[in-house]
Structure formats: structure tokens, C-alpha cells
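Data block below; observations after.
Each chain gets a letter, A, B and so on, in the order the sequences are listed, and its residues count up from 1.
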There are 2 protein chains.
Amino acid sequence: MNPNRYAHVIQLQLDKVGEYKRLHAAVWPEVLAQIRQSNIRNYSIPLRKLPDGGLYLFSYFEYVGADYAADMATMAADAKTQEWWAVCKPCQKPLPDADADAGAGADAGAGAGEWWADMEEVFHAD
Amino acid sequence: MNPNRYAHVIQLQLDKVGEYKRLHAAVWPEVLAQIRQSNIRNYSIPLRKLPDGGLYLFSYFEYVGADYAADMATMAADAKTQEWWAVCKPCQKPLPDADADAGAGADAGAGAGEWWADMEEVFHAD
């Protein structure tokens with residue numbers, strides 16, 4: 001991906017769609033503040049059922065800082081963010097090959113290691 | 001989706017990945033101009049192989065106009081855009097249920113009817 005745009009994908013557990021939507025309709029203020037402090041902007045998560053019957057979350061955000069890895073590490077070390085991830089992660093199911101791609105570093109929303117899988121940007125127009 | 005953000009998904013034919021990347025690394029200037037004239041901004045297409053073995057294109061863009069349906073209709077009527085779609089569409093494979101969702105109107109890049117499938121936004125933070 002372009003260093004300023006990040007796209008990731010993960011599965012949503014089929015029985016957790018209601019819980020995930022409810023959580024994300026009212027993300028904790030401390031978590032939103034940490035996202036912003038980590039220089040992430042314009043962050044969207046669209047959802048779609050795909051032909052294999054799975055539910056997939058795509059995430060798109062822009063990074064406006066100068067050191068992505070450092071900002072992601074600070075976010076991953078934040079206690080409230082860790083608490084939030086502990087609530088959200090049971091709703092998600094990482095792709096079996098989430099680690100397979102040469103990615104853009106640590107994933108936002110993932111902490112250490114690959115949780116969300118990186119995507120490859122094949123087109124962009126401002 | 002929010003009326004100002006659109007996310008869609010479609011499959012890429014497995015044997016067309018090279019051609020699709022090549023085409024999208026050098027989109028025709030007239031097509032880019034039409035996209036801009038149609039009030040589409042910040043348009044990205046990330047790609048990922050998913051666990052079913054399929055290649056998926058996820059598109060994200062922002063709409064800055066006042067009449068999305070009219071702008072999409074104008075784009076769909078543009079001769080050069082039609083020519084571009086005729087080149088690109090054989091690379092793609094619409095989701096079997098692309099029409100199933102109550103969507104945001106005609107899809108950009110699709111012309112009349114559903115080609116790209118709409119996604120549902122479950123989270124956004126500016």
C-alpha cells in the first residue's frame with residue numbers, strides 16, 4: 001500500500017455481527033482519541049457477505065504521521081485500546097494467511113503480529 | 001453507506017490479475033477526467049486473495065457532488081468510459097448476489113445495474 005493509505009481485511013464471526021455493529025456504533029471515546037493521537041484519519045470499516053458465505057470486514061484509513069510503526073506501537077501499548085481489542089477480537093477471525101503478505105508493518109487495530117491482513121493497492125486517483 | 005463514502009467489492013478473474021494491474025497502473029486520462037468530473041475523489045482499489053482462493057477487489061471512494069445518481073448516469077453515458085469498461089469488465093466477476101443489497105444507487109464503474117456489490121459501513125471516524 002501507499003504509506004499514507006492502508007487497507008486490510010478480516011472475517012467477522014457469523015454469530016457476532018450484531019455485537020460487532022453495536023460495539024462500532026459507539027466506540028469508546030478513549031479508543032477514538034487514541035486512534036486520532038496515532039495519526040489515523042478517515043477510518044472506515046465496510047462489511048459484506050462474500051460468496052463463500054463468510055462475512056468480511058474491510059478497513060480503510062489514512063495515516064498522517066511520520067512514523068507509522070512507532071504510532072502503532074504506542075496505540076498497542078495503550079491500556080484502554082488493549083481492553084477494547086479484548087472485547088472486539090472474539091468477534092473477528094483472521095485470514096489463515098494473514099501473515100503471508102509483505103505488509104506495511106504492524107496493523108492498526110491489531111497490536112503485535114498480523115491480525116488484519118494487508119491488501120495491495122492496485123489503483124488510486126486523488 | 002454514508003452518502004459521501006462508497007465501498008464496493010467484486011472478484012477479479014484469477015488469470016486476469018496481471019492485465020488488471022497493468023490497466024490500472026495507467027488508466028486512460030479521459031477516464032480519470034470523467035471520474036473527477038463525476039465528483040468522485042480519493043478513489044482507491046485494494047486487492048487481496050481471500051480464503052476461498054478468489055481474488056477480491058475492494059473499491060473505496062468519496063463523492064463530493066450533490067446528485068450521485070445523475071453523476072453516475074453521466075459517467076455511464078460517456079463513450080470513452082464505456083470503452084474502458086469494455087476492456088476492464090472481462091477481468092472482473094461480479095458477486096452472484098451483487099443485486100441483493102439495498103444499495104446506494106448505481107455503482108461507479110458499473111453503468112446501469114449492479115456490477116460492483118455495495119458494502120455496508122459499520123464504522124467511521126474522521
Side-chain angles (χ1 to χ4, degrees), chain A residues 1-2 4-12 17 20-27 31-33 35-36 40-62 88 91 93-98 100-101 109 116-126, chain B residues 1-2 4-12 17 20-27 31-33 35-36 40-62 88 91 93-98 100-101 109 116-126:
Chain A
M1 293 295 290
N2 179 290
N4 300 120
R5 290 183 296 276
Y6 292 86
H8 296 94
V9 58
I10 201 164
Q11 276 194 268
L12 180 59
V17 57
Y20 195 85
K21 284 186 184 180
R22 185 176 51 74
L23 285 164
H24 283 77
V27 175
V31 171
L32 293 174
I35 287 172
R36 193 158 186 88
I40 287 174
R41 300 287 184 279
N42 201 20
Y43 185 179
S44 296
I45 304 182
L47 165 73
R48 186 64 159 80
K49 180 168 281 197
L50 293 185
D52 67 359
L55 289 170
Y56 288 81
L57 298 165
F58 287 81
S59 92
Y60 170 89
F61 61 81
E62 291 154 16
C88 291
C91 297
K93 183 175 153 193
L95 269 50
D97 67 344
D101 46 352
W116 290 80
D118 294 343
M119 301 186 75
E120 175 190 0
E121 186 176 283
V122 296
F123 171 74
H124 180 78
D126 288 331
Chain B
M1 294 293 291
N2 178 290
N4 301 119
R5 291 184 296 275
Y6 292 86
H8 295 95
V9 59
I10 201 164
Q11 276 195 268
L12 180 59
V17 58
Y20 194 85
K21 284 186 184 181
R22 184 176 52 72
L23 285 164
H24 284 77
V27 174
V31 171
L32 293 174
I35 287 171
R36 193 157 186 87
I40 287 174
R41 300 287 185 279
N42 200 20
Y43 184 0
S44 296
I45 304 183
L47 165 73
R48 185 67 160 76
K49 180 167 280 196
L50 293 185
D52 67 359
L55 289 169
Y56 287 80
L57 297 163
F58 156 64
S59 93
Y60 170 88
F61 61 80
E62 290 154 17
C88 292
C91 298
K93 183 175 150 191
L95 270 53
D97 66 343
D101 45 354
W116 291 80
D118 295 341
M119 301 186 74
E120 176 190 0
E121 185 175 282
V122 296
F123 172 73
H124 180 78
D126 288 330

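Annotation: side chain of Leu12(A) is not in contact with side chain of Lys21(A) (no heavy-atom distance under 4.5 Å).
Most heavy-atom pairs under 4.5 Å with chain A: of the set Val27(B), Asp52(B), Asn42(B), Ile35(B), this distinction falls to Asn42(B). Per-residue heavy-atom pair counts under 4.5 Å with chain A were compared for Leu50(B), Leu32(B), Leu57(B), and the maximum is reached by Leu50(B).
Listed by chain and number, the residues in a side chain to side chain donor-acceptor pair (under 3.5 Å) with His124(B) are Ser44(A), Arg5(B), Asp126(B) (sequence neighbours excluded). Legend: residues meeting ring pair (Phe, Tyr, Trp, His ring centres under 6.0 Å) with Phe58(B), ordered by chain and number and at least two apart, are Phe58(A).
Proximity to chain A is limited to the side chain of Val9(B), based on heavy atoms less than 4.5 angstrom apart. Tyr20(B) touches chain A through its side chain: at least one heavy atom from C-beta onward sits under 4.5 Å away, while N, CA, C and O do not. Both the backbone and the side chain of Leu47(B) come within contact range of chain A, with heavy atoms under 4.5 Å apart. Using a 4.5 Å cut-off between heavy atoms, Leu23(B) makes no contact with chain A at all.
Note on ring orientation: taking the six-membered ring where Trp is involved, the planes of Tyr6(B) and Phe61(B) are parallel (angle under 30°, cut-offs 30° and 60°). Ring geometry for Tyr56(B) against Tyr56(A) counts as parallel: the plane angle stays under 30°, on a 0 to 90° scale with 60° as the upper cut.
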